[in-house]
Q: 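My questions will all concern the structure given below.
Counting convention: from 1, in listed order, for ligands and their atoms alike.
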Amino acid sequence: MCGIFAYVGPKTTIRVALEGLRKVEYRGYDSAGIAYINEGKLATKKAVGKLANLEKVLGEDASPCIIAHTRWATHGKVTETNAHPILDQTDSIAVVHNGIVENFEQLRHELEREGVTFRTETDTEVIANLIAKFYTDDLLRAVQEVMPLLTGSSAFVAIHKNHPDECVAAKIGSPIVVGVGEGEMILASDPNAIIHHTRDVIYLSDGEVVRIKPHSVELFDASRTPISKKVEQLAHSAEEFSKGNFEHYTLKEIHDQPQAIRNAMLSRFLEEYGTAIFEDLQIKPANLLAVKRIVIVAAGTSFHAGLIAGYMLEEIARIPTDVEISSEFRYRNPIVADGTLVLAISQSGETADTIAAVRELKAKGATVIGICNVHGSTLSREADGTLFLRAGPEIGVCSTKAFTTQLTVLALFTLMMARLRHISKTEGQEFLTALKAIPGQVEQILSQSDAIQQLAETYAQFNDFFFIGRRYMFPTCLEGALKLKEIAYINANGYAAGEMKHGPIALLNERCPTLALCTDMLTYDKVVSNVMEARARHSPILGIAFEGDTRLKKIATHLIEIPKTRDELAPITTAVVCQLFAYFCAKKRGADIDQPKNLAKSVTVE
Ligand code: AGP
């Protein structure tokens, strides 16, 4: 949940760290700090809050060796003292850390018994003091001594004032990427921070340690054996990380969706045979045909995409499918019978709970396919195959284009599985025709932005909402409500429409609007009845329905009409309306849309 950046090389201004932090700030922004070696001493600059606060305290110091950090607080309040980098008690070693040292209390007590004085509330401080304990004259060796002592998922980078041209990093579960430049090297928790310097990267694996100097990269495995690893090329170009003319990354990424959905479909279907193909999926059709059950594991928005995929896979491909919340599933003792296929959905490919669930399922012999947006991510490297979203970097903390491209990839996967089993070529072609029309339909919805903004500005006054829908619209309700929670800080509940009468309807009144998602035609009549029940309790009704819906026009307070599509594809277009609605509510309420309070883009802690 934190952003790490480290640099060794000729760009000696400490401001190079600020640029790096800007690219990883979305991973956590409670506080930020840098440490660097200046005239044989360690210097640190730290600030609570956004990067702009750190920028104010940065001088024009220069140093060929810098480490930097943006924090999402886990252990210790959000204070300057607890801001990383964290130093050892002798101020000789500085550490930046992403993850959690689960056994830090025990380690801290042992060190205190040895006379070490602690100054912060962080778990990270034990890393700095342990390195100091084992340090003689080799920082790399000291880090290698410390690493096996730590439990929990972590990645950290350390510098020592006696070694002004090197950084040493260790990976134990959280991501660390090495940027291999010309006479400069970078370490970062995310490739976004590297691409401005170089596109050549090396992805560290768990248990590995790396030492970087301006002209060298030394890699070691957990047994301290020197290793060499492939230098990979980053897929994106630097401009993909800009927000263009949009006010927020989130709005840009909402508008990216037509093209992102087209990219997700590119060369992944055969019109003539009405099916889908995934060339990069190294799993034989015969093995896919042998699948008897699918388990989907995911978190947050990705879990909502998983629920929709679960409906599709059972209804269209006729495969029994269980959809599980990663953070719950990982503590179960799952039964993984022969023929079980796992779909692990994760935009970042780094969500700790989803990775843990995947590892448990692989330990039980399951085949795992990742549905992921980040090449080189932990999920993409540990799955047996990965279907990439091709959505481009998603910087806004709230997931938008990742969600709709997840649904696109999952729809294609469902089509492929269904055509392997039973649906006809014609049925497959009809499905594909509807899917190919989706980007254009999203463009039509985006052209309604002004009208949606006007409605949002009316509804932004309310602090409580219900989203109601049935079947494919129930998970879509969960997703729409999550958007409103995340970026507008509104208490929005996504609910199965049929469940409202079992209690929640007691909460409806003129101050609690109902967003009625009426784009699931199989259950349309029933949802209209639920809308009438909400209306009878004076709840303002904002309906989302297909164009030409005369019934909703009569009973809804306001209505947003979208182009008609199949029930199983309606979540994609309906979600775009919900995204725009949440965005404009957040804007009206003056919320920090790209970096909502208390959140971070990638939840790499458990
Ligand atoms: C969604 O808007 C949130 N940012 C969050 O729920 C997110 O979907 C969740 O943390 C899962 O992330 P992942 O897809 O990278 O695994």
Q: Could you tell me if the ring centre of F5 sits under 6.0 Å from that of H69?
A: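 That pair fails the under 6.0 Å test.
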Q: Which atoms of ligand 1 are found less than 4.0 Å from any heavy atom of T301?
A: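 Selected atoms, number and element: 1 (C), 2 (O), 6 (O), 8 (O).
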Q: Should you measure from each heavy atom of S302, which atoms of ligand 1 turn up under 4.0 Å away?
A: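 So the answer, numbered in order with elements, is 8 (O), 13 (P), 14 (O).
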Q: For ligand 1, which atoms, with element, lie under 4.0 Å from some heavy atom of K483?
A: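 Every atom of ligand 1 under 4.0 Å from some heavy atom of K483: 1 (C), 2 (O).
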Q: Are any of the side-chain nitrogens in R359 or E382 under 4.0 Å away from the carboxylate oxygens of its partner?
A: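 Counted as a salt bridge, because a side-chain N and a carboxylate O are separated by less than 4.0 Å.
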Q: Output yes when the distance from some N or O of ligand 1 to some N or O of T351 is under 3.5 Å, and no in every other case.
A: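 Checking ligand 1 against T351, an N or O pair does fall under 3.5 Å apart.
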Q: If you measure every N/O of E486 against every N/O of ligand 1, is any gap under 3.5 Å?
A: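 Right, the criterion is met.
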Q: Would you check, one step at a time, whether the test salt bridge (Lys or Arg N to Asp or Glu O under 4.0 Å) holds for E499 with R470?
A: CA-CA 10 Å; E499 275 296 289; R470 290 177 183 248; over 6 Å; no
Q: Taking only non-hydrogen atoms of V397, do any sit less than 4.0 angstrom from ligand 1?
A: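 Yes.
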Q: For the SG atom of C578 and the CG atom of L515, what is their distance to the nearest 0.5 Å?
A: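 Rounded to the nearest 0.5 Å, the SG-CG separation comes to 6.5 Å.
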Q: Would you please test Q257 and Q579 for side-chain hydrogen bond (donor to acceptor under 3.5 Å, both in side chains) and show each step?
A: CA-CA 11 Å; Q257 291 180 109; Q579 293 165 2; 2.7 Å; yes
Q: Only heavy atoms of S399, strictly under 4.0 Å: list the atoms of ligand 1 that pass.
A: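 Heavy-atom distances to S399 below 4.0 Å select 1 (C), 2 (O).
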Q: Do F246 and H255 have their ring centres less than 6.0 Å from each other?
A: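 Yes - the distance between ring centres of F246 and H255 falls below the 6.0 Å cut-off.
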Q: So if I count the atoms of ligand 1 from 1 in the order they appear, which ones are less than 4.0 Å from some heavy atom of C398?
A: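 Atoms satisfying the 4.0 Å criterion: 2 (O).
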Q: Run the contact test for E350 against ligand 1 with a 4.0 Å cut-off on heavy atoms, strictly below, and give the result.
A: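 Contact check E350 vs ligand 1: negative.
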Q: Where does the angle between the aromatic ring planes of F466 and Y495 fall among parallel (under 30°), tilted (30 to 60°) and perpendicular (over 60°)?
A: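 Rings of F466 and Y495: perpendicular, as their planes differ by over 60°.
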